[in-house]
Amino acid sequence: MEKKSQLYEGKAKKVFATDNPSLLIVSYKDDATAFNGLKKGTISGKGIINNRMSNMLMQKLEEYGVPTHFVEELSERETVVKKVTIVPLEVIVRNISAGSFSKRYGIEEGKVFEKPTVEFSYKNDDLGDPLINDCHAVAIEVATSEEIETIKNYALKVNDFLKTFWKECGIILVDFKLEFGKLSDGTIVLADEISPDTCRLWDSETGKKLDKDRFRRDLGGVEDAYAEVMKRLCEHM
Ligand code: ADP
Ligand code: UDP
């Protein structure tokens with residue numbers, strides 16, 4: 001596997017071409033951003049943790065019946081993934097109210113939902129990733145109704161798996177964001193990452209936040225929280 005030119009540098013990862021046109025290499029950085037890039041910082045060692053964690057969870061999800069982009073971990077920060085055309089939707093699943101949900105509906109953080117919710121944001125930095133519903137996503141042709149159904153079903157399946165997995169680690173899965181993509185034959189697979197950058201994770205005993213909210217809200221102990229989550233994950237693999 002030969003690493004070729006850099007195709008893209010995002011806020012948290014770099015993406016490289018390879019000598020195989022259907023494969024990419026992603027490289028995880030320690031850079032952290034919040035509030036649409038307005039807040040910038042570094043979480044030392046984050047890239048190493050997010051790379052490993054994402055890969056471990058995606059391999060588990062494959063076994064659970066969710067196809068993913070994961071191919072092979074190359075090094076601490078680098079992974080080979082299947083190249084997909086990203087469906088430009090942030091797929092957000094929630095088990096407990098927090099963040100933008102709490103703000104939008106005036107519900108305090110911590111309300112446990114009877115059933116998980118699924119919502120979409122249209123991935124578009126210029127527009128600030130606005131909330132979008134199924135009909136609108138079909139209307140602007142970012143996905144077909146069938147693709148949206150598939151994505152929702154996979155997202156809920158990921159939630160079933162992750163909720164149980166994190167519970168065994170003494171962690172409550174509050175909410176998370178997923179991205180899906182299409183392979184050249186149109187197959188939908190889970191892409192991007194699953195990490196404390198993209199999930200809200202609370203300690204089951206103390207309720208302590210063990211995720212990127214420590215960075216967003218200047219709570220301190222960001223690196224320790226990421227390391228704690230990684231430690232518990234490794235103990236339960
Ligand atoms: P952002 O673009 O939001 O700053 P990142 O820094 O995480 O995010 O950059 C990674 C980029 O790679 C994202 O735009 C993501 O949608 C995209 N991506 C993730 N997995 C794949 C994949 N398998 N194939 C193609 N693009 C991918
Ligand atoms: N999230 C993410 N990337 C985004 C927006 C949200 O990974 O661009 C994750 C976030 O970490 C949380 C979940 O999606 O786990 C729900 O986030 P929310 O809509 O509450 O937004 P926020 O509070 O981050 O504004």
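Just so you know, residue 1 is the first one in the sequence shown, and it goes up from there. Just follow the structure's listing: the first ligand is 1, and inside any ligand the first atom is 1.
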(request) Give the atoms of ligand 1, by number and element, whose distance to some non-hydrogen atom of Glu179 is under 4.0 Å. (result) 15 (C), 16 (O)
(request) Under 4.0 Å from a heavy atom of Arg200: give me the atoms of ligand 2 that qualify, with their elements. (result) 12 (C), 15 (O), 16 (C), 17 (O), 18 (P), 20 (O), 22 (P), 23 (O), 24 (O)
(request) Would you indicate which of Asp125, Asp175, Leu178 comes nearest to atom 13 (C) of ligand 2 when only heavy atoms are counted? (result) Asp175
(request) Indicate yes or no: does an N/O atom of Asp129 lie under 3.5 Å from an N/O atom of ligand 2? (result) no
(request) Run the salt-bridge test on Lys13 and Asp192 with the 4.0 Å N-O cut-off and return the result as yes or no. (result) yes
(message) Quiz question: by atom type and distance under 3.5 Å, do the side chains of Arg216 and Thr33 form a donor-acceptor pair?
(response) no
(message) Measuring from atom 19 (O) of ligand 2, which candidate in Gly128, Pro196, Ser100 has the nearest non-hydrogen atom?
(response) Ser100
(message) For atom 12 (O) of ligand 1, what is the closest protein heavy atom, and at what distance to 0.1 Å?
(response) Val15 CG2, 3.7 Å
(message) Looking at Asp203 and Lys208, is any side-chain nitrogen of the basic one under 4.0 Å from a carboxylate oxygen of the acidic one?
(response) no
(request) From atom 9 (C) of ligand 2, work out which of Lys11, Glu109, Lys177, Arg104 has a heavy atom at the shortest distance. (result) Lys177
(request) Using distance alone, decide if ligand 1 has a nitrogen or oxygen within less than 3.5 Å of any nitrogen or oxygen in Ala12. (result) yes
(message) Give the atom numbers and elements of ligand 2 that come within less than 4.0 Å of a heavy atom of Cys199.
(response) 15 (O)
(message) Less than 4.0 Å is my threshold; does some heavy atom of Lys123 fall inside it relative to ligand 1?
(response) yes
(message) Quiz question: by atom type and distance under 3.5 Å, do the side chains of Asn95 and Asn159 form a donor-acceptor pair?
(response) yes
(message) How about NZ on Lys39, more than 12 heavy atoms from neighbouring residues, nucleotides or ligands closer than 6.0 Å, or not?
(response) yes
(message) Give the atom numbers and elements of ligand 1 that come within less than 4.0 Å of a heavy atom of Leu24.
(response) 24 (N), 25 (C)
(message) Looking at ligand 2, would Val174 count as a contact under a 4.0 Å heavy-atom criterion?
(response) no
(message) Is it the case that the side chains of Asp197 and Tyr226 hold a donor-acceptor pair, with the cut-off being a distance below 3.5 Å and no angle test?
(response) yes
(request) Tell me whether the centres of the aromatic rings in Phe101 and Phe113 are closer together than 6.0 Å. (result) yes
(message) For atom 4 (O) of ligand 1, which of the options Lys11, Glu9, Lys82 provides the nearest non-hydrogen atom?
(response) Lys11
(request) Identify, by atom number and element, the atoms of ligand 2 in contact range of Ile92, meaning under 4.0 Å from any of its heavy atoms. (result) 16 (C), 19 (O)
(request) Could you tell me the residue and atom name of the protein heavy atom closest to atom 5 (C) of ligand 2, and the distance to it rounded to 0.1 Å? (result) Glu90 OE1, 3.7 Å
(request) Classify the side-chain pair Asp30/Ser44 by whether it contains a donor and acceptor separated by less than 3.5 Å. (result) no
(request) Looking only at protein heavy atoms, identify the closest one to atom 7 (O) of ligand 1 and say how far it is in Å. (result) Lys13 NZ, 2.6 Å
(message) Check Arg217 with Asp213, please: is the shortest side-chain N to carboxylate O separation under 4.0 Å?
(response) yes
(message) Nearest 0.5 angstrom please: Lys167 NZ to His236 NE2, how far?
(response) 12.5 Å
(request) Using only heavy-atom distances, determine whether the side chains of Asn20 and Ser22 contain a donor-acceptor pair under 3.5 Å. (result) yes
(request) Would you mind checking if Lys123 and Asp129 are paired as a salt bridge, meaning a charged N to carboxylate O distance below 4.0 Å? (result) no
(request) Could you check atom 18 (N) of ligand 1 against the protein and tell me its nearest heavy-atom contact, residue, atom and distance included? (result) Ile86 CD1, 3.7 Å
(message) Out of Phe70, Tyr28, Tyr8, who is nearest to atom 11 (C) of ligand 1 when you count heavy atoms only?
(response) Tyr8
(request) Provide the number and element of each atom of ligand 2 under 4.0 Å from a heavy atom of Gly99. (result) 20 (O), 23 (O)
(request) Give me the ring orientation class for Phe180 and Tyr154: parallel if the planes are under 30° apart, tilted from 30 to 60°, perpendicular past 60°. (result) parallel
(message) Below the 3.5 angstrom mark, is there an N/O of Val84, backbone or side chain, next to an N/O of ligand 1?
(response) yes
(message) Need the ligand 1 atom indices (1-based, order shown) with element for anything under 4.0 Å from a heavy-atom of Val81.
(response) 23 (N)
(message) Taking 4.0 Å as the limit for heavy-atom contacts, which would you say applies to Asp192 with ligand 1: side chain only, backbone only, both, or neither?
(response) both
(message) Using a 4.0 Å cut-off to any heavy atom of Asp197, which atoms of ligand 2 qualify?
(response) 7 (O), 11 (O)
(message) Check Lys60 with Glu62, please: is the shortest side-chain N to carboxylate O separation under 4.0 Å?
(response) no
(request) Look at atom 10 (C) of ligand 2 and find which of Lys103, Arg216, Arg217, Lys212 reaches it with the closest heavy atom. (result) Arg216
